[in-house]
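Protein chains get the first letters and strands the later ones, always in sequence-line order, with residue 1 at the start of each.
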Amino acid sequence: MSSEQSVNQSASTGHDGADSIVGRGNKEGNRLFREWYKELTTSEERGEKSAYVFVMGSLAELLRSFDLHTVFPEINGLQTAVRHVSESYIADAEDYGYASDVCGYVKADVGLQMRHGEHPMGRIPRPAVAVYTNACNTYIKWAEIWERMYNIPIFTLDVPGTRAEGKQTWRGNEDFENDRLYVEGQLRELINVLEGVTGKRFDIDKLRENMDYANRLSVGFKRVVELNKAVPALYNAVTDGTVYLGVANGFRGRKEGAEYFEDLVEELEYKAANGIGTLHEEKYRLVFVGVPCYPIFRRFGEMFSEWGGEFVGSSYLWFASGGTNTGFEYDLDNPLESLAEGVLITVRDAMDSMFYSDKMLVDMVGPYGIDGVVYHAIKSCRTVSTGLADNRLAVMKDADVGTLLLDSDHMDPRVVSEAQLKNRVDAFFEGLATRKLMAARAS
Amino acid sequence: MAVRVMEGWQGLPIEGVIQYCRDLVEDVDYPTVKRWREDGGKVVGHFQVYFPEEIVAAAGMLPLLIRGGSFEARGADAHFGGYLCSIVKTSLELSLTEKVVLDMFVSHPICDSARNLAAVYGRNFDYPCEILYLPQNANSAYAQSYLRGEYDRLKRGVEDVAGRRITDEDLRSAIAIFNENRRLLREMYAIRRDTPWLLAVDEAYALMAVGGMVPREEHNELLRYALDLVGKRDLQPQDRMRLVFEGGFCEQPPLDLLNTIGQSSYIVDDDLLIGLRWITEDVPLEGDPLANLANAYLEHSSYSPVQHDLRKPKEKMLLERIRNSGADAAIITAAKMCEPGLDEQVAYIKALDEEGIPYFVSEFEESMTSFDNLQIQLETFIENLLFV
């Protein structure tokens with residue numbers, strides 16, 4: 001059933017249809033998430049192996065073709081923060097020797113490994129292999145920790161990024177081909193590693209099937225991002241968006257993931273057609289740049305929603321989906337070549353969303369009706385945070401929007417000052433109100 | 001050779017040459033670069049750690065190692081958040097204040113701050129600012145051909161800035177000069193290893209660091225002269241502990257910090273400015289120069305926390321450095337907020353514990369000005385080992 005058909009059918013069912021559709025994405029997302037952790041918890045008992053991967057370039061399509069579970073240490077980490085236990089995991093890692101300035105995700109994971117996988121969502125299996133890109137340099141350092149801890153194979157899939165803003169190359173360009181051949185060659189080497197780890201032969205048809213699921217998920221994810229141009233916004237890109245990201249990463253290359261996003265598109269199109277927004281009154285449309293403040297996740301969202309601020313977009317949806325927002329679709333007739341091209345383009349896009357997002361943000365202002373851009377720099381992550389202040393200066397120069405730069409952390413509650421954040425958020429909204437007033441008077 | 005940018009060191013005693021270099025290294029106005037530019041020369045700034053400077057030199061331009069400095073980054077602070085290493089800020093400050101004026105800037109994916117730096121530069125300056133994607137999968141059979149292609153891409157960009165083509169012969173001439181430079185640096189480090197009382201760590205650093213800001217032909221002349229004088233120094237060995245200094249691969253400790261360390265120990269090896277010594281053997285002059293450079297980067301090179309190579313686990317490489325230099329112990333440092341350095345510290349410490357090798361752990365920042373505490377701590381550490 002196409003999205004359009006399903007919307008029409010749902011709409012014709014009146015309130016009953018609305019009840020079954022609206023809110024389904026979050027409910028189903030949370031269910032899938034719990035199921036996923038259950039699978040991981042019992043995987044070792046069933047003799048199943050897991051690959052440790054990251055959100056930017058997880059290669060889930062390929063790993064699942066070897067029946068490997070994918071474990072995302074970043075997601076494990078943020079779950080400890082949301083559940084207010086990250087500090088104790090971090091403390092264990094610091095006792096082991098990791099400095100206070102090391103990424104909180106890394107330290108929470110070291111703490112987790114020291115506790116043999118004990119996690120608020122279940123038990124995290126040990127890795128049989130680690131596969132990661134260079135989208136974040138800390139991924140590489142992190143994997144080296146597992147290599148030392150478990151003596152497992154670790155594989156860096158090196159994905160060359162954009163060399164300078166606006167200088168992306170594409171198929172047919174000699175530099176793009178140089179990058180693509182490098183990625184493709186590494187994928188072939190990775191397949192050899194995975195055959196060794198799992199004892200299974202590479203099955204290209206299985207890969208093709210998973211890539212098909214990934215295609216459907218990508219198309220849906222892109223549409224979800226675009227749909228929030230609607231007024232009022234259909235979802236909060238930070239709070240609801242984090243649920244969507246969880247499914248996009250955890251269920252990439254799986255039937256459940258493909259179907260989830262098709263259903264989500266159906267839900268959001270229904271909401272758009274019927275003018276249904278979020279639960280909050282929308283006064284200001286905002287974009288969020290960075291990683292959410294997980295130690296006070298709910299409260300952080302409330303600081304904005306209390307003022308009528310709605311996050312209609314987020315760079316987090318771009319980079320933390322590993323560039324799935326591009327909607328890249330694999331050519332299933334040429335799986336490996338296309339996987340290389342897709343990984344190159346999407347991971348590169350994820351990196352662009354961190355390093356060169358200023359133009360993307362300015363481009364959002366008109367179509368999404370943006371009133372303000374909120375930057376959240378975090379102590380833990382130089383990848384995301386290093387350029388934010390400069391990015392903000394560029395956006396302020398090129399777009400007529402309010403901006404706010406906050407400093408805290410996404411993992412370590414010791415670095416998060418709720419009162420200080422609230423003071424700044426309140427001042428930001430007072431400024432936005434004044435801007436609106438002045439604009440109204442001027443017009 | 002084009003204009004000479006260093007005058008006045010010729011004929012000086014070794015102490016004078018070292019002081020001359022030290023003054024240049026600490027001069028945030030970069031007089032050698034200004035002289036180069038006044039003569040119409042162009043400058044390509046490349047951020048730490050390694051950069052194939054030969055490609056820039058082959059185009060007749062000056063490759064300038066951007067390594068921050070020991071000063072306040074007042075202007076650059078507005079462009080960055082608080083939780084960041086100092087070198088990234090001070091490097092941008094150099095350009096914002098026009099202490100150095102560039103025609104091109106290149107950063108590398110050595111760490112997440114460095115990659116961001118190219119984007120920040122690009123938003124603030126009109127000249128080309130880019131990332132050279134050195135391979136992070138050094139173990140791939142495809143890495144070398146990829147890097148050859150990446151060097152070719154860089155070469156084309158450099159040619160655009162230089163306004164001239166770079167021939168293979170240009171590249172070979174440049175490689176020969178840099179081979180000579182690396183040979184001289186290896187000779188200097190051999191002196192440090194075999195007769196450390198002849199050349200203290202801060203003295204060697206000054207002699208080496210000046211190379212990143214002058215044409216390498218001139219640096220070669222200076223090194224040849226200086227090393228000859230060092231060999232003739234009338235200095236006697238003292239009863240000092242032999243140490244390896246690890247943690248200076250990117251942000252650099254102040255010279256006074258090195259001087260403080262050198263007063264109570266012999267630093268017999270280190271990773272300071274390792275990019276200038278990254279390639280450990282002569283790059284062949286025959287064949288394809290870019291392929292040779294790519295091969296040397298991957299196959300005949302040192303190690304650092306910012307290059308991932310399964311063949312070179314950093315803690316094993318550190319142990320090798322300690323053994324090869326005959327060191328008794330190690331100073332394990334990291335620049336403040338340097339994720340790769342701080343991550344590696346843990347592995348280093350565990351490996352040293354296992355091997356029973358004593359170590360002293362510290363952090364530094366390029367702008368630090370007080371070394372009293374460090375001196376007391378280090379002396380206490382050494383006394384504890386010497387008088388066991």
Side-chain angles (χ1 to χ4, degrees), chain A residues 96-99 101-103 106 134 136-138 140-145 147-148 154-158 160-165 167 174-175 177-179 181-186 188-189 351 354-356 358 377-391 393-394 405 407 415, chain B residues 77-85 88 109-120 122-124 128-133 135-143 145-146 148-150 152-153 157 305-306 308 310 313-315 334 336-340 342-347 349-350 363:
Chain A
Y96 186 75
Y98 285 93
D101 293 337
V102 166
C103 168
V106 173
N134 57 314
C136 164
N137 279 77
T138 299
I140 301 172
K141 306 307 294 177
W142 201 338
E144 288 175 351
I145 295 172
E147 184 190 27
R148 289 170 182 130
I154 63 172
F155 192 94
T156 312
L157 182 75
D158 189 14
T162 296
R163 276 35 175 222
E165 186 158 30
K167 300 284 184 189
E174 69 172 303
D175 295 326
E177 285 307 307
N178 190 50
D179 293 351
L181 286 171
Y182 179 40
V183 173
E184 186 181 327
Q186 292 177 84
R188 293 182 190 280
E189 291 171 332
M351 291 191 263
M354 297 183 290
F355 308 142
Y356 304 111
D358 52 311
I378 50 175
K379 182 187 178 193
S380 276
C381 184
R382 261 67 82 179
T383 320
V384 171
S385 306
T386 298
L388 290 190
D390 187 71
N391 183 312
L393 294 174
L405 178 62
D407 268 305
V415 189
Chain B
D77 268 345
H79 296 262
F80 295 112
Y83 301 119
L84 196 60
C85 58
V88 166
I110 56 162
C111 73
D112 301 314
S113 306
R115 278 197 298 182
N116 270 286
L117 188 59
V120 173
R123 285 193 284 265
N124 288 279
C129 301
E130 66 169 61
I131 301 176
L132 174 72
Y133 266 89
Q136 285 283 26
N137 185 355
N139 308 108
S140 170
Y142 300 85
S145 64
Y146 157 74
R148 200 258 170 229
E150 178 67 352
D152 186 61
R153 185 194 63 75
V306 294
H308 174 71
L310 295 169
K314 267 71 77 179
E315 61 271 41
K336 284 188 191 301
M337 307 300 298
C338 169
E339 180 101 30
L342 291 168
D343 283 338
E344 217 60 71
Q345 270 194 338
V346 181
I349 289 166
K350 303 290 174 200
E363 284 186 13

So, for [X] and [Y], which heavy atoms are closest and what is the spacing to 0.1 Å?
{"X": "V415(A)", "Y": "Y83(B)", "answer": "CG1-OH, 3.5 Å"}
{"X": "I131(B)", "Y": "Y356(A)", "answer": "CD1-OH, 3.7 Å"}
{"X": "K350(B)", "Y": "Y96(A)", "answer": "NZ-O, 3.0 Å"}
{"X": "N391(A)", "Y": "R123(B)", "answer": "N-NH2, 3.8 Å"}
{"X": "A389(A)", "Y": "A78(B)", "answer": "CB-O, 3.6 Å"}
{"X": "Y133(B)", "Y": "T162(A)", "answer": "CE1-O, 3.8 Å"}

Top of [options] for chain B proximity - count of heavy-atom pairs under 4.5 angstrom:
{"options": "C136(A), G97(A), A377(A)", "answer": "C136(A)"}
{"options": "A164(A), A143(A), A99(A), P160(A)", "answer": "P160(A)"}
{"options": "D358(A), D407(A), L388(A)", "answer": "D358(A)"}
{"options": "L181(A), T156(A), V106(A), D179(A)", "answer": "T156(A)"}

Expected output: side-chain [X] to main-chain [Y] donor-acceptor under 3.5 Å:
{"X": "N178(A)", "Y": "Y146(B)", "value": "yes"}
{"X": "D158(A)", "Y": "Q136(B)", "value": "yes"}
{"X": "K141(A)", "Y": "L342(B)", "value": "no"}

Looking at [options], which one has more heavy-atom pairs under 4.5 Å with chain A than the rest?
{"options": "G82(B), A141(B), G157(B), C85(B)", "answer": "A141(B)"}
{"options": "S140(B), C129(B), A143(B)", "answer": "S140(B)"}
{"options": "I349(B), N137(B), L84(B)", "answer": "N137(B)"}
{"options": "G81(B), C111(B), G122(B)", "answer": "C111(B)"}

For [X], which atoms come within 4.5 Å of any heavy atom of chain B: side chain, backbone, both, or neither?
{"X": "A394(A)", "answer": "side chain"}
{"X": "F155(A)", "answer": "side chain"}
{"X": "N134(A)", "answer": "both"}
{"X": "I145(A)", "answer": "neither"}
{"X": "L393(A)", "answer": "side chain"}
{"X": "E165(A)", "answer": "side chain"}
{"X": "E147(A)", "answer": "side chain"}
{"X": "M351(A)", "answer": "side chain"}
{"X": "R148(A)", "answer": "side chain"}

Using side-chain heavy atoms (C-beta onward) and a distance below 4.5 Å, is Y142(B) in contact with V183(A)?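 In short, these two side chains do not touch, never coming nearer than 4.5 Å.
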
For S380(A), all residues meeting side-chain contact (heavy atoms from CB on, under 4.5 Å), sequence neighbours excluded: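 C103(A), D409(A), H410(A).
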
Is there a side-chain contact (heavy atoms from CB on, under 4.5 Å) between V120(B) and F355(A) once you walk through the steps? CA-CA 8 Å; V120(B) 173; F355(A) 308 142; over 6 Å; no

Please look at [X] and chain A and tell me whether the side chain, the backbone, both or neither of the residue comes under 4.5 angstrom of a heavy atom of that chain.
{"X": "P128(B)", "value": "neither"}
{"X": "I110(B)", "value": "backbone"}
{"X": "A138(B)", "value": "neither"}

Would you call R153(B) and E174(A) a salt bridge, taking side-chain N to carboxylate O under 4.0 Å as the test?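 Not counted as a salt bridge, because no side-chain N and carboxylate O are separated by less than 4.0 Å.
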
Is any side-chain N of the basic residue among E339(B) and R382(A) closer than 4.0 Å to the acidic one's carboxylate O?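 Counted as a salt bridge, because a side-chain N and a carboxylate O are separated by less than 4.0 Å.
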
Evaluate side-chain contact (heavy atoms from CB on, under 4.5 Å) for R115(B) paired with M354(A), printing each intermediate quantity in order. CA-CA 10 Å; R115(B) 278 197 298 182; M354(A) 297 183 290; 5.6 Å; no

Checking side-chain contact (heavy atoms from CB on, under 4.5 Å) for the pair D112(B)/T386(A): CA distance, chi angles, key distance, verdict? CA-CA 8 Å; D112(B) 301 314; T386(A) 298; 5.6 Å; no

Between atom CD1 of I154(A) and atom CG of N139(B), what is the distance when rounded to the nearest 0.5 Å?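 Here the interatomic distance stands at 9.0 Å.
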
Checking E150(B) against Y182(A) for the side-chain contact (heavy atoms from CB on, under 4.5 Å) test, could you report, in this order, the C-alpha distance in whole Å, the side-chain angles of both residues, the deciding distance, and whether it holds? CA-CA 11 Å; E150(B) 178 67 352; Y182(A) 179 40; over 6 Å; no

